[in-house]
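Contents: one structure, followed by commentary.
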Amino acid sequence: MTERITPLHSWDSHVHCFNPAKHPFKPSRSYTPEAAPLNALVESTYADRIMMVQASIEDGPAGLIDNLIEARVQYPDRLFRGTIFTDPEPDRALEKLLGPGDFARFHGAGVRSIRIHGSYGGHGEDATWFRRAAQLEGVARYGWSLSAQLSLRMWAAVAEFLLNNEELRSVRIIADHNGSATPEDVSSPEFEAFLGLLAADRISVKIEALHRRAPDDIRRMETVVRELAASAPAGIIWGSDWPHVDSSQAGETPSPPLPVDTAGELQALKSWLSEEEWNNMFVSNPARLFYN
C-alpha cells in the first residue's frame with residue numbers, strides 16, 4: 001500500500017482491473033487499455049476498502065467476479081466490493097447474460113451495484129433504463145445501488161424522472177465521474193439541476209478523476225467539488241479511477257494509462273473540504289452504500 005494520505009477504513013469507490021489474456025475485451029469496445037492486475041491495484045491503492053467496477057469495454061462480468069474471489073483469498077485484510085455493468089447492447093444485457101442463481105452468487109462474491117452507461121454510445125437520455133435496471137434481482141432483492149456515467153446534460157434531462165418516479169424511491173443512485181461536471185458548467189442550468197438531485201438526497205456522486213474534467217489544471221475543479229460537497233455532505237464518495245485508462249485512444253492496440261498524480265489530487269481535495277466532509281467522503285458515506 002502507498003503512503004497513508006486517507007483516513008483509516010477509507011474506500012476507493014471506483015477502480016478497474018483488467019486481465020485480457022483470461023477475459024478478452026468485447027469486440028465492439030471503444031478503446032483498449034493495458035492489463036491492470038489485482039496485485040498492481042493493491043500496491044498502488046490509498047484505500048482499505050475497494051469498489052471494483054466492470055468497465056464498458058469488458059465482455060461480461062466474469063473478470064470482475066474472478067477478481068473479487070481472488071481478492072478475498074489473497075488480501076483477507078481488505079474489503080472488496082464490485083459493480084457489474086448492464087450493457088446497452090441487447091445480446092450483452094444482464095438479462096441475457098445471467099441465469100437463475102447468478103445474482104445470489106454475485107452478491108456472495110461482493111457485488112453491490114449495477115452500472116448504467118450513458119457515454120460511448122450507451123443508454124443516453126432514456127430514463128427508463130433506471131427503471132429496468134431497478135427491476136433486476138440484484139437491486140430488487142439484494143438492495144444493490146444503481147450507478148451511472150452520464151453527461152451533465154443527461155443528468156439534467158432525467159432529473160425530474162428520478163425525483164418523482166415511485167418505483168425508484170428506495171433505490172440508491174450514484175453518479176460516476178463528478179456527474180461529468182467541468183469548471184465551465186458551474187452556474188449552468190444543467191449543473192444546478194444536478195445539484196438539486198444531490199440536495200434532495202436523490203443521488204450520491206463519486207468525486208474522482210478530476211484530470212478528466214480539467215486536464216490542464218485540476219485546481220480548476222475546486223468550485224465544482226465544493227458545490228457538490230455543500231449540496232450533499234452525506235452523498236459524496238471518492239474514487240481514484242485507477243488504472244487511469246486513456247479512453248480517447250480508439251482501436252485494438254493497448255494504450256498506456258494516463259500519467260495521473262493521485263496523491264496530488266488527494267492533497268487538493270483535502271484542502272478544499274472540511275474535515276467532516278473529508279472523513280464522510282472516504283469512510284461513512286461509501287460504507288452506507290457498499291458495506292452490507
Side-chain angles (χ1 to χ4, degrees), residues 1-2 11-89 91-94 96-99 102-103 105-115 117 119-120 122 138 144 147 149 176-177 206 208-209 212 239-260 262 290:
M1 184 175 181
T2 52
W11 286 79
D12 184 340
S13 298
H14 197 106
V15 304
H16 306 289
C17 283
F18 303 123
N19 183 1
K22 184 176 181 182
H23 297 286
F25 301 126
K26 66 182 184 182
S28 59
R29 63 189 179 275
S30 56
Y31 63 95
T32 304
E34 295 181 344
L38 178 63
N39 67 307
L41 164 64
V42 172
E43 290 172 4
S44 64
T45 187
Y46 289 87
D48 312 295
R49 299 168 178 179
I50 298 169
M51 169 57 78
M52 292 191 285
V53 178
Q54 179 190 338
S56 62
I57 58 168
E58 294 184 78
D59 196 3
L64 174 72
I65 301 304
D66 278 1
N67 280 317
L68 287 172
I69 293 171
E70 180 183 349
R72 183 173 295 177
V73 174
Q74 296 293 329
Y75 306 100
D77 58 325
R78 300 181 189 274
L79 180 67
F80 289 83
R81 291 289 186 253
T83 296
I84 58 176
F85 175 60
T86 178
D87 202 304
E89 296 183 39
D91 60 339
R92 291 186 172 88
L94 286 177
K96 298 287 187 180
L97 295 178
L98 304 186
D102 280 336
F103 282 103
R105 179 167 62 89
F106 287 4
H107 188 78
V111 175
R112 294 296 183 271
S113 190
I114 296 175
R115 190 184 197 199
H117 212 293
S119 301
Y120 312 116
W144 298 353
S147 62
Q149 182 176 347
D176 289 349
H177 293 293
K206 293 178 184 177
E208 58 173 320
R212 295 192 185 279
S240 68
D241 199 32
W242 189 92
H244 314 299
V245 301
D246 187 352
S247 58
S248 68
Q249 301 300 311
E252 298 183 2
T253 302
S255 299
L258 297 169
V260 174
T262 300
F290 307 133

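- Scored by the side-chain contact (heavy atoms from CB on, under 4.5 Å) test, Pro254 finds Thr32, Glu34 as partners (sequence neighbours excluded).
- Closest non-hydrogen pair, Phe103 versus Gly138, comes out as CD2-N, 3.3 Å.
- The structure places CE of Met52 at 10.5 Å from CH2 of Trp242, a figure rounded to the nearest 0.5 Å.
- Remark: Leu94 CG to Phe106 CZ distance equals 8.0 Å, nearest 0.5 Å.
- For Pro259, the side-chain contact (heavy atoms from CB on, under 4.5 Å) criterion is met by no residue, not counting sequence neighbours.
- In plain terms, the two heavy atoms of Arg72 and Gly110 that are nearest each other are NH2-N, 4.2 Å.
- Under the side chain to side chain donor-acceptor pair (under 3.5 Å) criterion, Thr83 pairs with no residue at all, not counting sequence neighbours.
- Taking CG of Leu68 as the reference point, atom CE of Met51 lies at 8.5 Å (rounded to 0.5 Å).
- At distances below 3.5 Å, not a single donor-acceptor pair connects side-chain atoms of Gln149 with backbone N or O atoms of Asp176.
- For Arg105, the side-chain contact (heavy atoms from CB on, under 4.5 Å) criterion is met by Ile65, Asp102, not counting sequence neighbours.
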Under 3.5 Å donor-acceptor pairs involving side-chain atoms of residues 14-25, not counting sequence neighbours:
residue, atom, partner, partner atom, Å
His14, ND1, Lys206, NZ, 3.0
His14, NE2, His16, NE2, 3.4
His16, ND1, Val53, O, 2.7
Lys22, NZ, Asp66, OD2, 3.3
His23, NE2, Asp66, OD2, 2.7

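- Across Pro33 and Ile57, no two heavy atoms sit closer than the pair CD-CD1, 3.2 Å.
- Under the 3.5 Å distance criterion, the side-chain polar atoms of Glu58 are left unmatched by any main-chain donor or acceptor of Lys26.
- Pairing each heavy atom of His107 with each of Arg112, the nearest pair is O-NH1, 2.8 Å.
- Interatomic distance, OH of Tyr75 versus CG of Asp48, reported as 14.5 Å (0.5 Å rounding).
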Stepwise side-chain hydrogen bond (donor to acceptor under 3.5 Å, both in side chains) check, Asp12 with Thr45: CA-CA 8 Å; Asp12 184 340; Thr45 187; 4.5 Å; no
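- Gln249 places no side-chain N or O within 3.5 Å of a backbone atom of Asp246 that could act as its donor or acceptor partner.
- Closest approach of Pro61 and Leu98 over heavy atoms only: CG-CD2, 4.3 Å.
- Partners of Leu79 under the side-chain contact (heavy atoms from CB on, under 4.5 Å) rule, at least two apart in sequence or in another chain, are Trp11, Arg49, Arg81, Tyr291.
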